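Written below as C-alpha coordinates is the structure these notes are about.
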Amino acid sequence: MRTTKFLFLLLIPLLLISGVTVASAEDAGLKSLRESGKAFRSVAKQVSPAVVFIQVEKEVTQQQMVNPFGGSPFGDEFFRRFFGEPEQRRGQQQKRQTVGQGSGFLISPDGYIMTNNHVVGDADKVTVQLLDGREFSAKTIGTDPPSDVALIKIEAEESLPYLKLGDSDKMEVGDWVLAFGNPFGLSHTLTAGIVSAKGRSGI
(Lines give C-alpha, C1' and ligand atoms only; values in the text may rest on other atoms or scores of the structure.)
Protein backbone atom coordinates (compact mmCIF):
# COMPACT_ATOMS: atom_id res chain seq x y z
CA MET A 1 0.00 0.00 0.00
CA ARG A 2 2.79 2.36 0.95
CA THR A 3 4.64 1.48 -2.28
CA THR A 4 1.55 2.17 -4.40
CA LYS A 5 1.06 5.54 -2.71
CA PHE A 6 4.71 6.40 -3.35
CA LEU A 7 4.41 5.52 -7.06
CA PHE A 8 1.24 7.60 -7.34
CA LEU A 9 2.94 10.62 -5.78
CA LEU A 10 5.90 10.14 -8.13
CA LEU A 11 3.61 9.89 -11.17
CA ILE A 12 1.89 13.22 -10.55
CA PRO A 13 5.02 15.38 -11.12
CA LEU A 14 5.88 13.31 -14.21
CA LEU A 15 2.44 13.93 -15.68
CA LEU A 16 2.71 17.63 -14.90
CA ILE A 17 6.14 17.81 -16.52
CA SER A 18 4.84 15.90 -19.55
CA GLY A 19 1.91 18.31 -19.86
CA VAL A 20 4.25 21.29 -19.67
CA THR A 21 6.49 19.74 -22.35
CA VAL A 22 3.56 19.19 -24.75
CA ALA A 23 2.27 22.70 -24.12
CA SER A 24 5.75 24.12 -24.71
CA ALA A 25 6.05 22.20 -27.99
CA GLU A 26 2.67 23.53 -29.14
CA ASP A 27 3.63 27.07 -28.17
CA ALA A 28 6.92 26.71 -30.04
CA GLY A 29 5.04 25.43 -33.13
CA LEU A 30 2.59 28.35 -33.03
CA LYS A 31 5.43 30.81 -32.57
CA SER A 32 7.23 29.32 -35.58
CA LEU A 33 4.09 29.67 -37.72
CA ARG A 34 3.64 33.27 -36.61
CA GLU A 35 7.25 34.04 -37.53
CA SER A 36 6.74 32.43 -40.96
CA GLY A 37 3.63 34.55 -41.45
CA LYS A 38 5.57 37.70 -40.56
CA ALA A 39 8.29 36.75 -43.04
CA PHE A 40 5.72 36.18 -45.81
CA ARG A 41 4.08 39.54 -45.09
CA SER A 42 7.45 41.28 -45.18
CA VAL A 43 8.33 39.74 -48.54
CA ALA A 44 4.88 40.62 -49.94
CA LYS A 45 5.29 44.28 -48.99
CA GLN A 46 8.70 44.43 -50.64
CA VAL A 47 7.78 42.53 -53.80
CA SER A 48 4.27 43.77 -54.66
CA PRO A 49 5.26 47.20 -56.05
CA ALA A 50 7.48 45.52 -58.66
CA VAL A 51 4.88 42.97 -59.83
CA VAL A 52 2.95 44.14 -62.90
CA PHE A 53 -0.25 43.19 -64.70
CA ILE A 54 0.15 42.73 -68.45
CA GLN A 55 -2.61 42.98 -71.04
CA VAL A 56 -1.95 42.06 -74.66
CA GLU A 57 -3.90 42.55 -77.87
CA LYS A 58 -3.48 40.75 -81.16
CA GLU A 59 -5.30 40.94 -84.47
CA VAL A 60 -6.07 37.52 -85.92
CA THR A 61 -7.43 36.63 -89.34
CA GLN A 62 -10.08 33.94 -89.74
CA GLN A 63 -11.61 32.38 -92.81
CA GLN A 64 -15.37 32.80 -92.85
CA MET A 65 -16.99 29.51 -93.89
CA VAL A 66 -19.94 29.62 -96.31
CA ASN A 67 -22.59 26.93 -96.72
CA PRO A 68 -23.11 26.20 -100.48
CA PHE A 69 -26.78 25.48 -99.73
CA GLY A 70 -27.19 28.69 -97.76
CA GLY A 71 -30.26 30.74 -98.51
CA SER A 72 -32.39 27.75 -99.49
CA PRO A 73 -36.13 28.15 -98.84
CA PHE A 74 -36.11 24.61 -97.37
CA GLY A 75 -33.44 25.53 -94.83
CA ASP A 76 -30.13 23.85 -93.97
CA GLU A 77 -31.80 21.07 -91.95
CA PHE A 78 -33.57 19.79 -95.11
CA PHE A 79 -30.29 19.35 -97.01
CA ARG A 80 -28.50 17.83 -94.00
CA ARG A 81 -31.22 15.19 -93.68
CA PHE A 82 -31.32 14.13 -97.34
CA PHE A 83 -27.85 14.89 -98.67
CA GLY A 84 -25.67 14.70 -95.55
CA GLU A 85 -23.55 17.50 -94.05
CA PRO A 86 -22.78 19.94 -96.87
CA GLU A 87 -19.15 20.69 -97.59
CA GLN A 88 -18.15 24.13 -96.38
CA ARG A 89 -16.31 26.47 -98.67
CA ARG A 90 -14.10 29.36 -97.73
CA GLY A 91 -15.47 32.87 -97.93
CA GLN A 92 -13.98 36.24 -97.07
CA GLN A 93 -11.24 36.65 -94.51
CA GLN A 94 -12.42 38.23 -91.29
CA LYS A 95 -10.19 40.08 -88.84
CA ARG A 96 -10.88 40.27 -85.13
CA GLN A 97 -9.08 41.54 -82.05
CA THR A 98 -8.16 39.07 -79.29
CA VAL A 99 -7.20 40.10 -75.76
CA GLY A 100 -5.02 38.20 -73.28
CA GLN A 101 -3.37 38.85 -69.94
CA GLY A 102 -0.54 37.74 -67.73
CA SER A 103 2.00 38.76 -65.09
CA GLY A 104 5.54 40.06 -64.96
CA PHE A 105 7.97 41.85 -62.68
CA LEU A 106 10.32 44.79 -63.02
CA ILE A 107 14.01 43.82 -62.94
CA SER A 108 15.54 47.30 -63.34
CA PRO A 109 14.67 50.87 -62.30
CA ASP A 110 14.53 51.96 -65.95
CA GLY A 111 11.58 49.74 -66.85
CA TYR A 112 12.78 46.33 -68.00
CA ILE A 113 10.20 43.65 -67.20
CA MET A 114 10.55 39.87 -67.23
CA THR A 115 7.48 37.88 -68.22
CA ASN A 116 6.48 34.78 -70.21
CA ASN A 117 6.86 34.29 -73.94
CA HIS A 118 3.38 32.80 -74.19
CA VAL A 119 1.99 36.08 -72.81
CA VAL A 120 3.68 38.63 -75.12
CA GLY A 121 5.40 36.53 -77.81
CA ASP A 122 3.22 37.44 -80.80
CA ALA A 123 1.19 40.35 -79.40
CA ASP A 124 0.56 43.49 -81.45
CA LYS A 125 0.03 45.70 -78.39
CA VAL A 126 1.30 45.25 -74.82
CA THR A 127 0.02 47.34 -71.91
CA VAL A 128 1.54 47.21 -68.43
CA GLN A 129 -0.26 48.26 -65.25
CA LEU A 130 1.59 48.92 -61.99
CA LEU A 131 0.34 48.39 -58.45
CA ASP A 132 -0.48 52.10 -58.13
CA GLY A 133 -2.75 51.95 -61.20
CA ARG A 134 -0.44 53.65 -63.71
CA GLU A 135 -0.46 52.18 -67.22
CA PHE A 136 2.32 52.13 -69.81
CA SER A 137 2.69 50.90 -73.35
CA ALA A 138 5.47 48.34 -73.54
CA LYS A 139 7.71 47.15 -76.34
CA THR A 140 9.06 43.63 -76.63
CA ILE A 141 12.84 43.48 -76.32
CA GLY A 142 13.33 39.75 -76.79
CA THR A 143 11.71 36.34 -76.39
CA ASP A 144 12.90 32.77 -75.84
CA PRO A 145 10.13 30.27 -76.66
CA PRO A 146 11.99 27.14 -75.41
CA SER A 147 12.29 28.56 -71.87
CA ASP A 148 9.03 30.56 -72.19
CA VAL A 149 10.82 33.74 -71.05
CA ALA A 150 10.37 37.21 -72.54
CA LEU A 151 11.73 40.67 -71.83
CA ILE A 152 9.68 43.83 -72.37
CA LYS A 153 10.29 47.48 -71.50
CA ILE A 154 8.26 50.50 -70.42
CA GLU A 155 9.34 54.15 -70.33
CA ALA A 156 8.76 56.14 -67.14
CA GLU A 157 9.99 59.56 -66.07
CA GLU A 158 11.16 58.34 -62.65
CA SER A 159 12.92 55.27 -61.29
CA LEU A 160 10.62 52.29 -60.82
CA PRO A 161 10.55 49.68 -58.02
CA TYR A 162 12.29 46.51 -59.12
CA LEU A 163 13.44 43.10 -57.94
CA LYS A 164 17.01 41.88 -58.07
CA LEU A 165 17.52 38.52 -59.72
CA GLY A 166 18.85 35.90 -57.31
CA ASP A 167 21.23 32.98 -57.78
CA SER A 168 19.19 29.84 -58.48
CA ASP A 169 22.26 27.65 -57.89
CA LYS A 170 22.00 28.50 -54.18
CA MET A 171 18.50 27.07 -53.88
CA GLU A 172 17.94 23.61 -52.47
CA VAL A 173 15.08 21.12 -52.69
CA GLY A 174 12.68 21.88 -49.85
CA ASP A 175 13.36 25.63 -49.73
CA TRP A 176 10.31 27.86 -49.35
CA VAL A 177 9.29 29.85 -52.43
CA LEU A 178 6.63 32.53 -52.88
CA ALA A 179 4.85 33.19 -56.17
CA PHE A 180 3.26 36.55 -57.02
CA GLY A 181 1.09 37.21 -60.04
CA ASN A 182 -2.24 38.22 -61.52
CA PRO A 183 -4.12 35.00 -62.39
CA PHE A 184 -7.46 35.66 -64.12
CA GLY A 185 -6.83 39.39 -63.67
CA LEU A 186 -6.89 39.10 -59.86
CA SER A 187 -4.27 41.67 -58.99
CA HIS A 188 -1.24 40.74 -56.89
CA THR A 189 -2.11 37.24 -55.78
CA LEU A 190 0.35 35.46 -53.47
CA THR A 191 0.85 31.75 -52.91
CA ALA A 192 3.56 29.67 -51.23
CA GLY A 193 5.24 26.35 -51.92
CA ILE A 194 8.58 24.60 -51.87
CA VAL A 195 11.28 23.77 -54.40
CA SER A 196 10.37 20.27 -55.55
CA ALA A 197 13.40 19.52 -57.74
CA LYS A 198 16.43 21.04 -59.44
CA GLY A 199 18.10 20.59 -62.79
CA ARG A 200 15.11 19.29 -64.71
CA SER A 201 15.28 19.82 -68.47
CA GLY A 202 13.59 18.75 -71.67
CA ILE A 203 10.05 19.18 -70.32
Side-chain angles (χ1 to χ4, degrees), residues 36-64 92-173 175-203:
S36 297
K38 289 179 182 178
F40 289 171
R41 289 197 297 270
S42 177
V43 172
K45 289 178 181 179
Q46 294 178 41
V47 169
S48 290
V51 178
V52 302
F53 173 70
I54 300 173
Q55 181 170 294
V56 298
E57 297 179 25
K58 179 176 175 57
E59 188 178 77
V60 296
T61 302
Q62 289 183 324
Q63 290 283 353
Q64 191 174 15
Q92 296 180 341
Q93 289 186 339
Q94 191 175 27
K95 293 183 178 180
R96 67 183 183 89
Q97 203 77 9
T98 61
V99 179
Q101 58 192 23
S103 307
F105 59 96
L106 286 149
I107 60 171
S108 71
D110 56 346
Y112 283 96
I113 296 169
M114 187 171 287
T115 184
N116 295 111
N117 175 70
H118 74 262
V119 174
V120 300
D122 56 357
D124 297 321
K125 181 181 179 181
V126 180
T127 303
V128 170
Q129 185 181 69
L130 305 185
L131 178 63
D132 59 15
R134 287 181 295 167
E135 290 189 355
F136 299 87
S137 293
K139 63 178 180 180
T140 301
I141 302 300
T143 63
D144 183 44
S147 63
D148 195 27
V149 173
L151 190 67
I152 62 177
K153 191 176 189 303
I154 59 176
E155 301 292 340
E157 296 179 356
E158 70 284 343
S159 293
L160 297 168
Y162 70 98
L163 302 175
K164 294 181 180 180
L165 294 178
D167 184 355
S168 60
D169 289 336
K170 293 181 179 179
M171 297 197 73
E172 296 293 340
V173 173
D175 284 348
W176 278 104
V177 289
L178 300 180
F180 291 83
N182 300 278
F184 310 108
L186 302 174
S187 178
H188 294 81
T189 299
L190 165 66
T191 187
I194 61 169
V195 176
S196 60
K198 292 180 63 177
R200 287 178 176 171
S201 61
I203 299 177

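It should be emphasised that the depicted structure is a prediction, and the values quoted were computed from it without experimental measurement. Note that the numbering runs from 1 along the sequence shown for the chain.
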* **Partners meeting side-chain hydrogen bond (donor to acceptor under 3.5 Å, both in side chains) with Glu135 (sequence neighbours left out)** =>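 Partners of Glu135 by the side-chain hydrogen bond (donor to acceptor under 3.5 Å, both in side chains) criterion, ordered by chain and then number, come out as Gln129.
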* Asked: What residues, two or more places apart in sequence or in another chain, satisfy side-chain hydrogen bond (donor to acceptor under 3.5 Å, both in side chains) together with Asp144?
  ->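 Scan of Asp144 (side-chain hydrogen bond (donor to acceptor under 3.5 Å, both in side chains), adjacent residues dropped) gives Ser147.
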* Looking at residues at least two apart in the chain, or sitting in another chain, which of them share a side-chain contact (heavy atoms from CB on, under 4.5 Å) with Met114? ->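 Residues passing side-chain contact (heavy atoms from CB on, under 4.5 Å) with Met114: Phe105, Ile107, Val149, Leu165.
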* Asked: Between the main-chain N or O of Ala150 and the side-chain N or O of Asn117, is there a donor-acceptor pair closer than 3.5 Å?
  ->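 Checking the backbone N and O of Ala150 against the side chain of Asn117, no donor-acceptor pair under 3.5 Å is found.
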* To do: Say whether, by atom type as modelled, one donor and one acceptor occur between the side chain of Ser103 and the main chain of Phe53 under 3.5 angstrom.
  =>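 Between the backbone of Phe53 and the side chain of Ser103 there is no qualifying donor-acceptor contact (under 3.5 Å).
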* Taking Val56 as the fixed residue, which of Thr115, Thr140, Val126, Thr127 is the one that meets the side chain to side chain contact (heavy atoms under 4.5 Å, CB included) rule? ->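 Passing option: Val126.
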* To do: Grab the two heavy atoms, one from Leu178 and one from Ala192, that are nearest each other, plus how far apart they are.
  =>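 Smallest heavy-atom distance, with atoms named: CD2-CB, 3.5 Å.
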* Report yes if some heavy atom in the side chain of Val195 is under 4.5 Å from a heavy atom in the side chain of Glu172; otherwise report no. =>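 A side-chain contact under 4.5 Å is absent here.
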* State whether the number of non-hydrogen atoms from other residues, nucleotides or ligands found under 6.0 Å of Lys198 atom NZ is greater than 12. =>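 Yes, NZ of Lys198 has more than 12 neighbouring heavy atoms, counting only those of other groups under 6.0 Å.
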Less than 3.5 Å apart, which donor and acceptor atoms pair up between the side chains of residues 151-161 and the rest of the protein, not counting sequence neighbours?
residue, atom, partner, partner atom, Å
Lys153, NZ, Asp110, O, 2.8
Lys153, NZ, Glu155, OE2, 3.1
Glu158, OE2, Arg134, NH1, 2.2

Separation of [Y] [atom2] from [X] [atom1] (nearest 0.5 Å):
| X | Y | atom1 | atom2 | result |
| --- | --- | --- | --- | --- |
| Asn116 | Thr143 | CG | OG1 | 11.5 Å |
| Tyr112 | Tyr162 | OH | OH | 14.5 Å |
| Thr191 | Phe180 | OG1 | CZ | 10.0 Å |

* How would you list all residue pairs meeting salt bridge (Lys or Arg N to Asp or Glu O under 4.0 Å) that involve residues 116-130, not counting sequence neighbours? ->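 Those involving residues 116-130 do not exist here.
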Side-chain donor-acceptor pairs of residues 43-52 under 3.5 Å, sequence neighbours excluded:
residue, atom, partner, partner atom, Å
Gln46, NE2, Ser42, OG, 3.3
Ser48, OG, Ala44, O, 2.8

